Visitor: 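Below is a structure I'd like to ask you about.
Within every chain, numbering begins at 1; the chains are lettered A, B, ... in the order of the sequence lines, protein sequences first and strands thereafter. Being a predicted model, the structure only gives us computed values, none of them experimental.
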There are 2 protein chains.
Amino acid sequence: MTKDFFSITELSDELGVSARALRFYEDKGLVTPQRAGTTRVYTRRDRARLILILRGKRLGFTLREVKEWLDLYDTDPDQIEQMSRLHNILHRKIVALELQRDDLEETLREMRAMDAQVMEHLRGKGANGSRPDAACAAPRTNGTRTKGVN
Amino acid sequence: MTKDFFSITELSDELGVSARALRFYEDKGLVTPQRAGTTRVYTRRDRARLILILRGKRLGFTLREVKEWLDLYDTDPDQIEQMSRLHNILHRKIVALELQRDDLEETLREMRAMDAQVMEHLRGKGANGSRPDAACAAPRTNGTRTKGVN
DNA sequence: AACTTGCTTGACGTATACGTCAAGTAAAAA
DNA sequence: TTTTTACTTGACGTATACGTCAAGCAAGTT
């Protein structure tokens, strides 16, 4: 039995963001939960949108940009005129995302190469060479991180 | 004959950012060009760092984060103690980047699937089906875009 | 000498994305 | 009924990443 509706705290807990953030997203028109009286009631569809929003944020997009392509999902499939434009937009977004992916993989290559150099130095001069997670404190002071690698 | 030195405007023109941005990066300690009197003189190394900075930004990292891993490049290779920590840090960054890449490719898959659906609708109902770049105005009002797909 | 060009350093303004109170309401628990 | 719990809407504060003047200097041009 999967739930149909969610409170703001249920979702903020599950998604790892503050309730304030969810209200902010609503303010900006990225989600529009219904109300039971004054209290927000999120559907599974709202939840799905929020997951997309957070992924967009992790990829470095602004909320405005995320909203733009969330709106694409809601385009009426019977408006042929709009669908042609939608295809253009999608095509351009895809190209841009592919460029970003290439950026990312180039960076990954460089990091790995650098790591290899480091390992070589360690092997040459002595001391421990493997177990990258050992003896690593990992402070985690900031509880509300979205992005960032330390 | 490749140039050895660059003025701030040469670099800002080449890299597509404002001179103000380059001064800002210096303020934040991401680059430290030398001076001829008061005037900034950028070396090829400074230029290389700036390229890394801009790539980091495109990937959605903050300047602080970019600075952190730029500083890694400057770690003294003879400090074995530091090198072991460096290996840890690199390892974690690599893992995080791989996660981000997975996010990105998931998004790409969804966009392509959506585009396929759109194409199907277009084929079913009539009108033109290919040539995604045709009849597309592409305003380009904002000259200083870094990120964003329209 | 006067002027333009290119650069400099502040100082202030702005958009984004929330965090952090403050004050109030509505429903459930004691 | 009183209290607690969960939620609500402002209002204000904050960090990031610059843009935008303003005012000034230094060197080359007319």
Visitor: Over how many whole Å does the gap from B:Tyr42 atom OH to C:dG6 atom C1' extend?
Guide: 14 Å
Visitor: Quick check on contacts: within residues 26-39 of chain A, what sits under 4.0 Å from DNA chain D by heavy-atom distance?
Guide: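 Under 4.0 Å from DNA chain D: A:Arg35, A:Thr38, A:Thr39.
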Visitor: Counting only side-chain N and O atoms of A:Thr9, is one of them less than 4.0 Å from OP1 or OP2 of D:dC7?
Guide: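 Affirmative; the distance criterion is met.
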Visitor: Whole-Å distance between D:dT16 C1' and B:Ile53 CD1?
Guide: 15 Å
Visitor: For A:Val41 versus A:Pro33, what's the shortest heavy-atom pair and its separation?
Guide: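 So the minimum-distance heavy-atom pair works out to O-CB, 3.5 Å.
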Visitor: So does B:Lys57 get a side-chain nitrogen or oxygen closer than 4.0 Å to the phosphate oxygens (OP1/OP2) of D:dT16?
Guide: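 For B:Lys57, the contact criterion (side-chain N or O under 4.0 Å from OP1 or OP2 of D:dT16) is not met.
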Visitor: Checking the side chain of A:Asp103 only, and the main-chain atoms of A:Gln100 only, is there a donor and an acceptor separated by less than 3.5 Å?
Guide: no
Visitor: For the side chain of A:Thr62, counting heavy atoms from C-beta on, which of C:dT16, D:dC18, C:dC18 is nearest?
Guide: C:dT16
Visitor: Regarding B:Glu106 and B:Arg109, does a basic nitrogen lie under 4.0 Å from an acidic carboxylate oxygen?
Guide: yes
Visitor: Return the nearest nucleotide to the side chain of A:Ala21; candidates are C:dT8, D:dT8, C:dC18.
Guide: C:dC18
Visitor: State whether A:Arg20 places a side-chain N or O below 4.0 Å from either non-bridging phosphate oxygen (OP1 or OP2) of C:dT20.
Guide: no
Visitor: Without placing hydrogens or testing angles, list every side-chain donor-acceptor pair under 3.5 Å for residues 70-77 of chain B, not counting sequence neighbours.
Guide:
from, atom 1, to, atom 2, distance (Å)
B:Asp71, OD2, B:Lys67, NZ, 3.4
B:Asp74, OD1, B:Arg45, NH2, 2.9
B:Asp74, OD2, B:Arg49, NH1, 2.9
B:Thr75, OG1, B:Leu72, O, 2.8
B:Asp76, OD1, B:Asp78, N, 3.1
B:Asp76, OD2, B:Gln79, NE2, 3.4

Visitor: Rounded off to whole Å, could you give me the CZ-to-P distance for the B:Phe24 and D:dC21 pair?
Guide: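 Result: 19 Å.
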Visitor: Return the value, rounded to whole Å, for the distance between atom CZ of B:Arg23 and atom P of D:dT20.
Guide: 13 Å
Visitor: At 4.0 Å (heavy atoms only), tell me whether B:Arg64 reaches a base, stays on the sugar-phosphate, or touches nothing.
Guide: sugar-phosphate
Visitor: For B:Phe6 and C:dC7, what is the distance between atoms CZ and C1' respectively, to the nearest whole Å?
Guide: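 Checked: the CZ to C1' distance equals 18 Å.
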Visitor: Partners of A:Glu98 by side-chain contact (heavy atoms from CB on, under 4.5 Å), sequence neighbours excluded?
Guide: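 Result, side-chain contact (heavy atoms from CB on, under 4.5 Å) vs A:Glu98: A:Ile94, A:Arg101, B:Leu108, B:Arg112.
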Visitor: How many Å lie between CD1 on A:Ile8 and C1' on C:dC18, as a whole number?
Guide: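 Distance, rounded to whole Å: 13 Å.
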Visitor: Nearest whole Å is fine: how far is D:dC18 P from B:Leu50 CG?
Guide: 12 Å
Visitor: Can you tell which of D:dC7, D:dC18, C:dC7 lies closest to the side chain of B:Ser7?
Guide: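 Of D:dC7, D:dC18, C:dC7, C:dC7 is nearest to the side chain of B:Ser7.
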Visitor: Work out which heavy atom in B:Val66 is nearest to a heavy atom in B:Ile53; give both atom names and the distance.
Guide: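 Distance-wise, the nearest heavy atoms are CG1-CA, 3.8 Å.
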Visitor: Without decimals, in angstroms, what is the distance between A:Leu63 CG and C:dT16 P?
Guide: 9 Å
Visitor: When rounded to the nearest 0.5 angstrom, what distance separates OG in B:Ser12 from CZ in B:Arg20?
Guide: 13.0 Å
Visitor: Tell me whether the OP1 or OP2 atom of C:dA17 has a side-chain N or O from A:Tyr25 closer than 4.0 Å.
Guide: no
